[in-house]
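Worksheet: one structure, shown below.
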2 protein chains.
Amino acid sequence: MSLRHAVLGLLADRPASGYDLLKTFAISLGNVWSATQSQVYTELGRLADSGQVTVTAEGARGRKEYAITESGRAELHRWLTRVEPNRTPRNDTLLRVFFLGLLKPAEAEAFMRREAETAAAHHKELAALTTVAAGQDSFSAHGRLALEWGLRVTAAQHEWALWAEQQIVDRAAGGGGGGGHGGGDEDEDVPAQG
Amino acid sequence: MSLRHAVLGLLADRPASGYDLLKTFAISLGNVWSATQSQVYTELGRLADSGQVTVTAEGARGRKEYAITESGRAELHRWLTRVEPNRTPRNDTLLRVFFLGLLKPAEAEAFMRREAETAAAHHKELAALTTVAAGQDSFSAHGRLALEWGLRVTAAQHEWALWAEQQIVDRAAGGGGGGGHGGGDEDEDVPAQG
DNA sequence: AAACTCATGTAAAGTGTTACATGATTAT
DNA sequence: ATAATCATGTAACACTTTACATGAGTTT
């Protein structure tokens, strides 16, 4: 489970409360691994039960500050060096791309155009983060490596979406032939339900 | 839920059994959305219960062939055109990158080198698929758009990993100063447990 | 006959999302 | 006083993974 290690990793940097961690997820770590409030508090409880973190201070409004333990650090190190990253592919956008032939060309084109815009917007957001994420500490420095990944991939994604949109336009302009599905039914029009 | 729509999308192309679908996941669709045997059979059962697919034939060895219904097609179309793709970030590799400062420079470098190799290998695999996925039908054609995405992103990923590895080398060679974590503890050596 | 492939199904555990519920402290 | 922010927690539901369980038909 990666959320567990995300929490351990943040606590390895410095002690923090669940609320603090949530802020870090919101502004930086969440760009690579998102977590909900519910998940973070639940996970802190589990980590405390298993002795990988401990409550080091209790403050106002029930605030609890957690710190990583030696056992937690050992687990984190094991995960970083000996556990193969999970690469299970799960890309909702690309899944839709597979089925774009079920849409009218104009609808499919609109889909790709929108993807291009989304990629451009995402790229811009990340570029804006660059100036913000200027810390000199190791966590910020490595966060910038991840940020650079985001910049490169969103750029590639943007170019790809523009290219794919053109492919769809070209195919619609060329022969309507060859466009159908395996079923061989010519009546492949999409339902027009509201 | 996307698995449901992956199944509907495949059945919109042609009727198939769970076993058939599993093969499609294994050779093509699984590159963008993976599914287990257990999931596919369970989902087919649910879709049949809700009337989005029906059993159109039963063959040897208990084989059941499913076809999409009008209601299923309507749901698929709604999903394609009106449901925003889920973009929840969840990248196990990048999560680790955030915490690379917890490793010795040599370990962090090894991690990035390995990522570079993985990206190159993945790119090569996809390139090999290009020649295979040569169908003229719409499903294959759009699958090739997804494949192109894979080629571009794995290429970007490979270049990024090489760049990041160099960043780590440079930082290790430059001052050891500025390398510590927020905690300010100089004794940040990683545990050497086995 | 043995091995392999085809083919489906269920159970349990783990992980993630959404919604609900509560209350203290600080700023206006 | 009111609103905003700080701060934690639980319950229900949805989804994913892993393991188990079974058996028919085909090839060697």
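Residue numbers start from 1 in every chain, and the chains themselves are labelled A, B, ... in the order their sequence lines are given, proteins ahead of strands. Values in this document were obtained by computation on a predicted structure and should not be read as measured data.
Glu43(A) places its CD atom 11 Å from the C1' atom of dG16(C), with the value rounded to the nearest Å. Between Asp20(A) atom CG and dC6(D) atom P the separation is 10 Å, expressed in whole Å. If you measure from atom CG of Asn86(B) to atom P of dG16(C), you get 13 Å, rounded to the nearest angstrom. Atom CE in Met1(B) sits about 12 Å away from atom P in dT17(D), given to the nearest Å. Rounded to whole Å, atom C1' of dG9(D) lies 10 Å from atom OH of Tyr66(A). Rounded to an integer number of Å, the gap from Leu22(B) CG to dT5(C) P is 16 Å. At whole-Å resolution of the value, CG in Asp49(A) and C1' in dG9(D) are 14 Å apart.
The shortest heavy-atom contact between Ile168(B) and Glu109(B) is CG2-N, 4.1 Å. For Ser34(B) against Gln39(B), the heavy-atom pair with the smallest separation is O-OE1, 4.4 Å.
The phosphate of dT15(C) has neither OP1 nor OP2 within less than 4.0 Å of any side-chain N or O from Gln39(A). In terms of phosphate contacts, Lys64(A) brings a side-chain nitrogen or oxygen within less than 4.0 Å of OP1 or OP2 of dG9(D). Considering only side-chain N and O atoms, Tyr19(B) lies under 4.0 angstrom from the phosphate OP1 or OP2 of dC6(C). Regarding contacts with the backbone of dG9(C), every side-chain N or O of Tyr41(B) stays at 4.0 angstrom or more from both OP1 and OP2. Between Gln37(B) and dG9(C), a side-chain N or O to OP1/OP2 separation shorter than 4.0 Å is absent. Of the side-chain N and O atoms in Arg90(B), one or more sit less than 4.0 angstrom from OP1 or OP2 of dT17(C). Checking the phosphate oxygens (OP1, OP2) of dA7(D), a side-chain nitrogen or oxygen of Arg63(A) falls inside 4.0 Å.
No side-chain donor-acceptor contact under 3.5 Å links Asp13(B) to the backbone of Leu10(B).
Between the side chain of Ser38(A) and the base of dA11(D), at least one donor-acceptor pair of N or O atoms lies under 3.5 Å.
In the set dT18(D), dT16(D), dC15(D), dT18(D) carries the atom at the smallest distance from any side-chain atom of Thr36(B).
Where Arg61(A) and Leu3(A) each meet DNA chain C at their nearest nucleotide, the meeting point lying more 5' is that of Leu3(A).
Using bins of under 30°, 30° to 60° and over 60° for the plane-to-plane angle, the ring pair His5(B)/Trp79(B) lands in the parallel bin.
When hydrophobic clusters are built by joining Ile, Leu, Val, Met, Phe, Trp and Tyr residues whose side-chain heavy atoms come closer than 4.5 Å, directly or via intermediates, Leu103(A) is grouped together with Phe139(B).
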